[in-house]
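The structure under discussion appears below in the form of structure tokens.
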Amino acid sequence: MFESGHDLTLFDQNTKKPLRCRVQVILPIDRPYDYILPYGPDGQQINLEPGQIVQVPVGRRILPGVVWDGAADEDVPLKKLKEIISVSEAIPLKAELRKFVEWVSSYTLSPQGSVLKMALSVPQALETIVGQKLYHLVVGREPQEGFRITAARQRVLDLVSDSGGWVLGDLAKEAAVSSSVIKGLEQAGLIESYFDRPDFSFPAPKSDIKGPELSHGQREAADDLMARVREHVFSTVLLDGVTGSGKTEVYFEAVEAAMKEGRQVLVLLPEIALSSQWLDRFEQRFGVAPAEWHSELSPALRRKTWRAVSEGKASVVVGARSALILPYDNLGLIIVDEEHEGSFKQEDGVYYHARDMAVVRAKCCSCPVVLASATPALETMINVQNGRYDRLILPGRHGGAGMPDVELIDLRFDKPERLNTGPGWLSQALRGAIRKTLDAGEQAMLFLNRRGYAPLTLCRTCGHRMQCPHCTAWLVEHRRFARLQCHHCGFNTALPNACPSCAAEDTLVACGPGVERIVEEAKKLFPDANVALMASDTMTSPAATREMVKSIQNREVNLLVGTQVVAKGYHFPYLTLVGVVDADLGLFGGDLRAAERTFQLLHQVAGRAGRAEHKGRVLLQTSDPNHPVMQTLKAGDRDKFLEQEAETRARGHLPPFGRLAAIIVSGPDESELDNFCASLARAIPQIDGAQILGPAPAPLALLRGKFRRRFLIMSKRSIAPQGIAKEWLSRVKPSSRIRVVVDIDPYSFL
DNA sequence: AGCACGCCGACT
DNA sequence: GTCGGCGTGCTC
């Protein structure tokens, strides 16, 4: 395009060709495009360095992009080329981040532009930041002849004589004048305006605050971490310690060491929304709040944080997985807390596991990464065993409280514990234990990882089951709202009076328990108790959560019913009994990590019992008491569980002893989908050390109105499934109505 | 991801 | 005869 008006200077003096460079734009495209370098005021082209952030025309839009490494392709015809529109004042992306983007892209099989888009997720941060126009007094200036200081003008002058600057609107309002009065004063030179470039820095954490006294074991671990931080070399270390062993205090020492080195720290947490307690602890330790990074941030705060991170003005960032790809100025330490948490796996857009990518990021930055957990993922433990990761073990519980006793309540029909009076979900044994706990003035908690009142509603007359119209899933009754809800797509409908199938009235019955139903039963059984419900839909705001936690901590509530949100690190010092209503719940569904997740969750829930001077007691209601998960929970033997789980996985060549990639094919037309899957199946390659299963209907065969099928690539550890997937899928072209996504290292089997 | 181009049904 | 549905393909 020659519309730029630079016809005379468009060509380089020597080659007579305009200079070009490669720019990766934030489109789902996996290679950079070529662009003509921009022209300076002197008509000369301005050379740009890799990493510089630019705005470029793409089609008929203008998009951000990044100047990429490597030479432009001189074969692209000149008439196709467009000129770079502008260069952002933001700091160029470092080589280490560009490498990381390339790595994530090739590992996840996502287009490079999609990965880059996550790094440039704040378009406002790339623009030139002007700031607010502020007015202040010109000191010592006398009004010119004929310029009268009226009462209105005087009010303005009185206000602007203070030290700060005034925004036009505020000043006019406060002085009760119109903006023309202010403009007039500016014209007369009595006041002047300036642009206040906002300060994007976060207050530096104070490192002079003395941390808590560490035990000998904690001190040793902390010293090890601090030494790693000072070395500036990549290493991965598992910080392994039970709940209450002080993992946070230990890694805070490493955080402090990094700050003293002048380097930034990233702390990844699984659920930032639920971590107000974490933030409080940080503030206590370091005197200031850290920079936060998660989806709830306001646009203004996002911009400020992005800039501060890239300019090294935020020394500690706490965030969800997306904080991993921010443009750090000098990252010196990454901490992944609760590293076993499944929510670190992102499953939309770019499918990546933040824990594993954190290790790669640390490698790119030559810094240590700390994985902290009381129940490490099997993957992590195996990496410790084969020497890829180091491990620091924190001894025992802090403050002397022992681990709680775990007992199993056998729910099988012939067992006496099951007997109870009337219908209900709480066995006689559990009821008795709750009674005793309440009578002793202590707190009890009932755990059931299922929201709502009942997971299934059916018609007593015709047997019709209330199902989501968009998903293969039952609708869950939420009695508090008299509604039926789909927990997969959010579909929501009023609980009908009559059966939608046979029109019989008042025949719909709730089947199975959800937490709301447990609350109902608990209130009936223990009318004297103060029962409270803690679930994600009752903790809608941080304030509501704080309120709830407070009412438990000061014992207004003595019988708590909760879903997995109660497992997340709250301290309830008077809680001595935990009853798990259905310990087997997570074991179903053919998920390869079902046992592991159940163990982790129940272990964590069990850890809620008995933290202060009182010993805790945990009762697990199970129909499968001989299951390894139940047996190892009872024995309190985490490593035994991991050992058994490792054996099971090794036998099935499952991760981490083999590799998996899921291919999810979806579309609105079922027969078209099946046809495509058949042609994919015909093209399945024969590869030594790998096999491809499928197509199988994905467990949620219908999700959000789309039909889904699934293939699974299983390969030996030595073979990367990425290559297989790429080669195989490239041979069968889907129609545009069919979507194919590749999920490397899948976690969710939905 | 957008956005335009392109080819078949209900309308001013 | 056109307006507009969304299927298809491209973006340096």
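Each chain gets a letter, A, B and so on, in the order the sequences are listed, and its residues count up from 1. As the structure is a prediction and not an experimental result, all values here were calculated from the model.
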Just N and O in the side chain of A:Y33: are any of them under 4.0 Å from OP1 or OP2 of C:dT11? no
So, OP1 or OP2 of C:dT11: does either fall under 4.0 Å of a side-chain N or O from A:K80? yes
Using a heavy-atom cut-off of under 4.0 Å over every strand shown, decide if A:P77 touches base, sugar-phosphate, or nothing. nothing
Once you apply a heavy-atom cut-off of 4.0 Å, does A:R60 come out as touching a base, just sugar-phosphate, or nothing? sugar-phosphate
Roughly how many Å is it from [atom1] in [X] to [atom2] in [N], rounded to a whole number?
X     : N      : atom1 : atom2 : answer
A:K79 : C:dT11 : NZ    : P     : 10 Å
A:Y35 : C:dC12 : OH    : C1'   : 5 Å
A:D34 : C:dT11 : CG    : P     : 13 Å
A:Q24 : C:dT11 : CD    : P     : 15 Å

Please name the residue in the list A:V101, A:V23, A:V25 that meets the side-chain contact (heavy atoms from CB on, under 4.5 Å) test with A:W68. A:V101
Does [X] come within less than 4.0 Å of [Y], counting only side-chain N to carboxylate O?
X      : Y      : value
A:E74  : A:R20  : yes
A:E338 : A:R355 : no
A:E96  : A:K94  : no

May I ask you to establish whether [X] and [Y] are in a cation-pi arrangement, using a distance under 6.0 Å from NZ or CZ to the six-membered ring centre and at most 45° from the ring axis?
X      : Y      : answer
A:K304 : A:F202 : yes
A:R321 : A:W293 : no
A:R361 : A:F100 : yes

A:L120 versus A:W306: any side-chain heavy-atom pair under 4.5 Å? yes
Give every pair of a protein N or O atom and an N or O atom of nucleotides 7-9 of chain C that lie under 3.5 Å apart, one pair per line with the distance.
{"unit_1": "C:dT8", "atom_1": "OP2", "unit_2": "A:S736", "atom_2": "OG", "d": "2.6"}

Considering all heavy atoms of both residues, which atom of A:V741 and which atom of A:R739 are nearest to each other, and what is their separation? CG1-NH2, 3.4 Å
Contact boundaries of DNA chain B with chain A (under 4.0 Å, heavy atoms), 5' to 3'? B:dA1 to B:dA4
